S.K.: 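Once you've had a glance at the structure underneath, I'll fire off some questions.
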There are 4 protein chains.
Amino acid sequence: MIKFNCDYLEGACPEIMDRLLKTNFEQTFGYSEDEHCDTARSYIKAACDAPDADVHFLVGGTQTNTTVIASMLRPYQGVLSAATGHINVHETGAIEATGHKVLSLECRDTTGKIYPDQIEEYYLAHVGDDSFEHMVQPAMVYISNPTENGGLYSKAELEAISAVCKKYSLPLFLDGARLGYGLCAPGNDLFLPDYARLCDVFYIGGTKCGALFGEAVVITNDTIKKDFRYMIKRQGGMLAKGRLLGIQFETLFEDGLYERVCSHAARLAIKIKNALIEKGYELLTDSVTNQQFPIFPNEKLAELKEDFSFSFWCKVGEDKSAVRICTSWATSEENVDLLISKL
Amino acid sequence: MIKFNCDYLEGACPEIMDRLLKTNFEQTFGYSEDEHCDTARSYIKAACDAPDADVHFLVGGTQTNTTVIASMLRPYQGVLSAATGHINVHETGAIEATGHKVLSLECRDTTGKIYPDQIEEYYLAHVGDDSFEHMVQPAMVYISNPTENGGLYSKAELEAISAVCKKYSLPLFLDGARLGYGLCAPGNDLFLPDYARLCDVFYIGGTKCGALFGEAVVITNDTIKKDFRYMIKRQGGMLAKGRLLGIQFETLFEDGLYERVCSHAARLAIKIKNALIEKGYELLTDSVTNQQFPIFPNEKLAELKEDFSFSFWCKVGEDKSAVRICTSWATSEENVDLLISKL
Amino acid sequence: MIKFNCDYLEGACPEIMDRLLKTNFEQTFGYSEDEHCDTARSYIKAACDAPDADVHFLVGGTQTNTTVIASMLRPYQGVLSAATGHINVHETGAIEATGHKVLSLECRDTTGKIYPDQIEEYYLAHVGDDSFEHMVQPAMVYISNPTENGGLYSKAELEAISAVCKKYSLPLFLDGARLGYGLCAPGNDLFLPDYARLCDVFYIGGTKCGALFGEAVVITNDTIKKDFRYMIKRQGGMLAKGRLLGIQFETLFEDGLYERVCSHAARLAIKIKNALIEKGYELLTDSVTNQQFPIFPNEKLAELKEDFSFSFWCKVGEDKSAVRICTSWATSEENVDLLISKL
Amino acid sequence: MIKFNCDYLEGACPEIMDRLLKTNFEQTFGYSEDEHCDTARSYIKAACDAPDADVHFLVGGTQTNTTVIASMLRPYQGVLSAATGHINVHETGAIEATGHKVLSLECRDTTGKIYPDQIEEYYLAHVGDDSFEHMVQPAMVYISNPTENGGLYSKAELEAISAVCKKYSLPLFLDGARLGYGLCAPGNDLFLPDYARLCDVFYIGGTKCGALFGEAVVITNDTIKKDFRYMIKRQGGMLAKGRLLGIQFETLFEDGLYERVCSHAARLAIKIKNALIEKGYELLTDSVTNQQFPIFPNEKLAELKEDFSFSFWCKVGEDKSAVRICTSWATSEENVDLLISKL
């Protein structure tokens with residue numbers, strides 16, 4: 001059974017495993033205060049062209065989302081998110097556990113994106129009158145890129161969101177769990193320095209992009225920087241052997257490995273997409289990233305499932321189903337070709 | 001300026017003020033452990049035909065909603081509510097402050113009601129598969145009667161909701177901030193014993209129904225009863241001079257005062273409604289309760305606002321606006337007639 | 001049975017009841033945005049000689065403590081308090097419910113006071129090293145005056161605490177649930193303008209000092225002022241008929257009623273204290289406020305309890321017990337004389 | 001510089017690194033639902049002689065403590081802990097972030113242990129009277145073994161604690177961050193089946209005992225088992241590539257590796273302890289575990305710090321300091337001998 005369910009099916013790229021092995025008996029202090037973390041931080045700041053940024057490493061996405069959001073909001077404030085956003089749907093209430101409401105914006109299309117006018121409209125509908133004291137105050141914006149649905153913001157789109165956020169003093173937080181696959185998507189024009197320039201805080205996903213685990217949070221907004229390590233600890237995200245995170249990001253950002261492994265996945269995803277189109281399958285959404293959402297007749301799906309495993313996404317009428325096919329840094333071209341041959 | 005904005009514009013009905021005055025120098029122990037509270041509890045249990053119920057008194061609605069909800073849910077669970085429900089819109093995140101997500105169900109109509117199949121569908125879409133561990137578990141149902149929008153559930157409707165809740169072991173909590181006005185609405189067929197029989201917990205609103213303040217929580221579900229007073233204290237809802245609540249509910253439930261004061265409001269609301277219809281005004285929703293939602297041309301509204309004050313509800317196109325007109329136990333027939341004469 | 005258990009055994013002073021009655025049919029907007037609240041706010045600001053302060057009204061102490069504390073702390077910060085402080089012992093975890101640890105300082109004496117060097121020592125032991133990221137950051141100081149144990153800070157003492165707080169940027173919050181009895185205690189040299197000058201925020205207790213209920217929060221620190229009403233609502237402390245609070249504090253602060261009713265209690269407490277000393281009873285602590293803590297032989301206590309009721313405080317050896325005797329605005333001289341005659 | 005500061009200075013034992021490498025390209029589903037986790041769970045249940053236990057894997061200690069505690073308590077309840085317990089001192093308020101108070105018990109000695117009569121006394125002082133509704137309800141007991149201070153409970157001691165917990169229906173949670181070093185300490189008579197029999201839930205620490213990271217939670221109490229995975233996710237402890245945890249614990253428990261690596265550390269700690277005693281140094285506490293707390297004259301300490309690094313523990317008078325010396329699975333005998341030679 002060849003699995004295409006998600007982008008965290010395997011361990012880590014071999015370069016990372018090598019480095020972990022090589023450094024295994026080094027003695028370092030804990031909690032990301034070691035030299036590997038320092039080096040990784042300097043690499044990332046350089047890659048982001050953001051010398052004054054703060055960079056922190058956390059183990060996983062839920063921790064990162066809760067830590068960032070809880071550090072940015074006062075108790076009565078909430079975070080704007082696409083209705084389909086990860087924090088609104090797939091965190092088992094971890095955001096609410098920090099006392100904050102996720103203020104959901106309905107998605108207009110299948111991309112999972114939100115648009116500046118939605119932010120503006122929501123914001124303006126909640127200020128300027130005492131009656132709003134009875135409602136959660138919108139106070140930050142959460143987006144992910146690529147989105148949960150494989151959508152990808154363009155530079156112009158992110159600039160427009162950033163502008164409306166600045167206009168209303170709403171800090172912008174970008175969840176980059178799959179950032180690497182966005183960086184390498186065909187037609188992408190958003191790069192690390194853009195993220196650092198346009199967001200108040202964002203994270204560079206490791207777990208899904210070549211690492212065993214780990215997310216690198218980049219903070220450019222000074223207010224959010226303050227005491228962020230206390231927040232990490234309080235939210236359960238402070239790894240004892242922090243150097244494990246440092247070593248991984250050091251390896252990924254030392255000489256472009258992050259983009260290399262993600263490019264591989266992006267190329268294979270497009271190869272699959274092209275084959276799907278060529279063979280006449282519909283796509284639920286037009287994704288340029290490592291997640292593809294073909295719609296298969298149920299019969300065809302049953303046939304494919306003899307050899308392959310996908311994530312079920314949704315029913316499309318009675319006779320068809322949309323599934324998610326993910327490629328990753330670890331996907332082999334051989335398996336992709338096998339899949340294409342069975343389409 | 002005559003105000004019709006809401007049903008909490010005045011103090012309390014004179015019978016309550018008299019009783020507060022008469023008892024002012026009695027010495028009683030605090031925290032609702034006095035004889036007035038005991039008497040009020042017994043009156044309410046009798047009125048609900050629920051001798052085994054527990055009855056607690058809280059000062060206001062937000063406290064009541066947070067205390068009940070937080071006492072019923074485990075940390076990863078959420079509460080189903082109409083999207084327009086009070087807890088989803090008008091609590092400044094007080095529910096989320098207790099760590100719980102409000103799971104909103106879109107309203108199908110303007111009544112603010114939800115329907116059993118919506119509950120069932122939501123519930124079934126979140127059980128039966130490990131993948132739901134990544135989502136908030138739906139674990140109780142919140143409704144209000146009358147609703148935020150003046151809608152009123154029939155007995156058949158509440159029975160159907162109660163049945164689906166029992167089927168899936170979802171406790172049912174009914175917010176009765178305006179319960180009195182529901183009891184006295186024309187055509188209403190839901191009475192206190194029905195609420196006690198069909199809900200796991202509900203509250204009888206005092207603040208908007210003749211009292212200075214205060215809500216009486218009636219708990220029939222044994223699990224929720226346990227240690228509820230600890231919850232009240234923890235949520236900041238334990239009034240030092242608890243007898244103030246006891247005295248008020250004692251007065252309201254001793255000889256039918258609660259229904260008497262609410263009937264007055266209901267009759268005046270219908271008088272206004274009939275006048276509105278007669279004079280050709282549209283209504284946003286067909287309410288039989290003390291809240292009426294006429295749509296006025298903006299010009300007419302400006303004219304009325306010289307003498308009367310309403311709550312703005314929403315724009316209806318460019319030229320019209322819906323407002324809320326509330327009657328209450330304190331509304332005078334004279335003022336209602338004056339309003340009608342100006343329509 | 002004559003009760004001396006606490007200072008919230010009766011309703012409210014007659015002047016307040018009269019005013020509530022007189023205003024009962026006025027129509028006012030809710031949520032403390034009415035004229036009575038405005039007037040009460042202006043009286044209190046004048047009494048505090050603090051024209052730029054913000055004044056808010058809440059129903060009770062737990063709400064007030066949680067709302068103030070939660071509005072002042074970032075998530076990883078805690079509040080310093082005497083180990084015997086109300087927030088550390090008698091709030092059923094309401095402070096922790098807002099996500100914050102109470103950092104307790106052991107009391108050196110029976111007064112329930114803490115001292116500036118304790119604050120300084122605790123603070124200095126938690127800064128200056130990365131290892132403190134693993135501990136709750138001390139970030140504000142809570143005291144009450146009079147204390148839970150009847151102790152009273154002098155002006156010099158409060159000035160010294162305020163100075164150490166300012167030195168380390170620790171906002172100072174003073175719980176004044178019994179402030180009125182402190183203002184009127186013999187030898188007291190701390191008055192409202194001192195509180196406003198020395199604290200970042202404090203509250204003037206109404207519930208125990210002549211009102212039916214209600215506490216007036218006075219905020220002088222601009223940071224704490226921002227969006228405080230959102231916090232009140234979120235914490236369940238926003239009273240619908242806010243004018244009830246305004247009317248009560250308007251009455252108490254219009255012409256010195258607050259001090260008058262408290263002076264009465266203070267005088268009677270000292271009368272009891274002097275009688276106790278004269279008759280040779282020990283006192284647990286040397287209180288000058290409306291709470292007195294005599295130590296009675298168990299036999300004598302049993303005898304007194306035939307006619308009087310007190311709060312049990314603690315055992316003193318095998319044969320004696322300390323109790324709390326409270327006077328209040330409502331205590332009659334007749335009952336005090338009766339008690340003295342039985343000592 | 002040779003570091004003895006803590007037991008998480010290096011990576012993982014080579015057997016674990018080998019296994020991670022060997023399995024790196026296996027495709028497994030996420031979130032600990034893979035075969036490695038299943039195997040590890042079965043090994044651990046066998047080692048604990050607890051076939052009906054549930055076993056869960058989390059990344060680190062803070063997550064584990066918050067997840068377990070938050071899953072066991074109702075909102076108004078708190079957890080009893082030694083004043084020096086990790087959850088009371090070194091979690092930056094992570095427990096309070098879940099809404100619960102840590103109820104601290106003063107330690108009677110330098111071991112960091114608590115005793116059954118302390119639990120009983122605290123419990124009995126908080127039940128049986130309505131006045132306790134104003135206080136946090138003690139509802140579970142937290143201990144760690146070995147303790148934060150290197151103390152080790154005997155089987156008789158744990159049985160006595162367990163008995164008092166059962167008597168009062170207080171679930172017992174044992175933090176085993178260093179459990180392995182306890183299992184291998186000279187004189188230890190507490191083994192895994194004892195923990196499973198005597199605790200409602202406990203965890204077997206991996207991070208400090210040979211793994212890269214990871215803690216294995218063993219739940220024997222059925223109430224706590226329910227929906228625990230929802231809790232893990234909500235608290236940010238659900239690792240995407242859960243198999244990383246499974247592989248590590250599979251390796252540690254397949255053929256006794258866990259005890260082997262811990263025995264090594266235990267033997268070296270005792271070697272250091274004996275040398276310290278022989279050379280006349282005092283010990284802060286008589287530890288039989290991998291943490292030793294010698295008291296050095298400041299001059300001697302300065303001399304040692306030229307070659308070695310320790311954790312500063314506390315001052316002992318003006319001229320001496322206590323430090324912590326930790327051994328671990330990774331400590332080399334050579335470095336220990338070097339240290340001994342410099343004592």
Side-chain angles (χ1 to χ4, degrees), chain B residues 1-3 5-14 17-18 20-21 23-30 58-67 70 90-94 96-99 177 207-208 211-213 229-241 243-244 247 309 330 332, chain C residues 1-3 5-6 8-14 17-18 20-21 23-31 58-67 70 90-94 96-99 177 207-208 211-213 229-241 243-244 247 309 330 332:
Chain B
M1 180 70 58
I2 299 166
K3 298 192 181 78
N5 299 62
C6 67
D7 31 22
Y8 40 97
L9 293 162
E10 293 87 0
C13 55
M17 296 309 293
D18 281 358
L20 287 174
L21 218 62
T23 58
N24 192 45
F25 280 95
E26 283 182 20
Q27 287 196 317
T28 60
F29 288 123
L58 287 99
V59 169
T62 306
Q63 284 163 30
T64 307
N65 286 334
T66 55
T67 305
H90 284 114
E91 299 285 28
T92 317
E96 291 78 10
T98 69
T207 301
K208 292 170 179 164
L212 277 179
F213 56 85
R229 285 174 55 84
Y230 281 85
M231 284 298 305
I232 295 176
K233 174 71 185 178
R234 191 236 196 198
Q235 296 301 122
M238 185 74 92
L239 189 65
K241 296 178 187 167
R243 103 287 203 42
L244 300 176
I247 291 165
S309 164
S332 76
Chain C
M1 179 69 58
I2 299 167
K3 300 192 180 78
N5 299 62
C6 66
Y8 41 97
L9 293 162
E10 292 89 358
C13 56
M17 296 309 291
D18 281 357
L20 287 173
L21 216 64
T23 56
N24 193 45
F25 280 95
E26 281 182 21
Q27 287 196 314
T28 58
F29 288 123
Y31 309 115
L58 286 99
V59 169
T62 308
Q63 285 162 30
T64 306
N65 286 335
T66 56
T67 304
H90 284 114
E91 299 285 28
T92 317
E96 290 78 9
T98 69
T207 301
K208 293 170 178 162
L212 278 178
F213 56 84
R229 284 174 56 83
Y230 281 86
M231 285 297 307
I232 295 176
K233 173 72 186 179
R234 191 237 196 197
Q235 295 302 122
M238 184 76 90
L239 188 65
K241 297 179 187 168
R243 104 282 204 49
L244 300 176
I247 291 166
S309 165
S332 75

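Naming: A, B, ... by sequence-line order, numbering from 1 per chain. Quantities reported herein were computed from a predicted structural model and do not represent experimental measurements.
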S.K.: For a quick test of reading the model, state the closest non-hydrogen atom pair linking B:Gly236 to C:Thr62 and the distance between them.
M.R.: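 The answer is CA-CG2, 3.9 Å.
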
S.K.: Looking at B:Gly99, B:Ala70, B:Gly30, B:Ala94, which has the largest count of heavy-atom pairs under 4.5 Å with chain C?
M.R.: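 Between B:Gly99, B:Ala70, B:Gly30, B:Ala94, the count favours B:Ala94.
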
S.K.: Sort B:Ser309 into side chain, backbone, both or neither according to what part of it lies under 4.5 angstrom from a heavy atom of chain C.
M.R.: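 It is the side chain, since no backbone atom gets that close.
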
S.K.: Give, as side chain, backbone, both or neither, the part of C:Thr66 having an atom under 4.5 angstrom from any heavy atom of chain B.
M.R.: neither

S.K.: Given that the side chain runs from C-beta out, which part of C:Met1 has a heavy atom under 4.5 Å from chain B: side chain, backbone, both or neither?
M.R.: backbone

S.K.: Who among C:Thr92, C:Thr23, C:Thr64 has the most heavy-atom pairs with chain B under 4.5 Å?
M.R.: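 Most heavy-atom pairs within the cutoff with chain B belong to C:Thr92.
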
S.K.: Sub-3.5 Å donor-acceptor pair from the side chain of C:Gln27 to the main-chain atoms of B:Leu9, do we have one?
M.R.: no

S.K.: Of the backbone (N, CA, C, O) and the side chain (C-beta and beyond), which part of C:Asn5 lies under 4.5 Å from a heavy atom of chain B, both, or neither?
M.R.: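 For C:Asn5, side-chain heavy atoms alone lie under 4.5 Å from chain B.
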
S.K.: What option among C:Asp18, C:Ile2, C:Leu244 has the most heavy-atom pairs under 4.5 Å with chain B?
M.R.: C:Leu244

S.K.: Which answer fits C:Leu212, side chain, backbone, both or neither, if we ask what part of it has an atom under 4.5 Å from a heavy atom of chain B?
M.R.: both

S.K.: Given that the side chain runs from C-beta out, which part of C:Thr67 has a heavy atom under 4.5 Å from chain B: side chain, backbone, both or neither?
M.R.: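 Contact with chain B involves no heavy atom of C:Thr67 at all.
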
S.K.: Heavy-atom cut-off 4.5 Å, strictly under: side chain, backbone, both or neither for C:Ala211 against chain B?
M.R.: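 Just the backbone, heavy atoms under 4.5 Å.
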
S.K.: With respect to chain B, which residue among C:Gln63, C:Lys208, C:Gln235, C:Arg243 yields the maximal number of heavy-atom pairs within a distance under 4.5 Å?
M.R.: C:Arg243

S.K.: Quick one: CZ on C:Arg234 to CD on B:Glu91, what's the gap to the nearest 0.5 Å?
M.R.: 12.5 Å

S.K.: OG of B:Ser332 to CZ of C:Phe25: how many Å apart, nearest 0.5 Å?
M.R.: 10.0 Å

S.K.: Heavy-atom distances under 4.5 Å only: say whether C:Leu20 touches chain B with side chain, backbone, both or neither.
M.R.: both

S.K.: For B:Ala12, does its backbone N or O pair with a side-chain atom of C:Asn24 as donor and acceptor, under 3.5 Å?
M.R.: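 Checking the backbone N and O of B:Ala12 against the side chain of C:Asn24, a donor-acceptor pair under 3.5 Å is found.
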
S.K.: I'd like to verify something: which residue of B:Lys3, B:Glu96, B:Met17 has the highest number of heavy-atom pairs under 4.5 Å with chain C?
M.R.: B:Lys3

S.K.: So which of C:Lys241, C:Met238, C:His90, C:Glu26 has the biggest tally of heavy-atom pairs under 4.5 Å with chain B?
M.R.: C:Lys241

S.K.: Which bit of C:Leu21 is near chain B, if near means a heavy-atom gap under 4.5 Å: side chain, backbone, both or neither?
M.R.: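 Looking at C:Leu21, backbone and side chain both touch chain B.
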
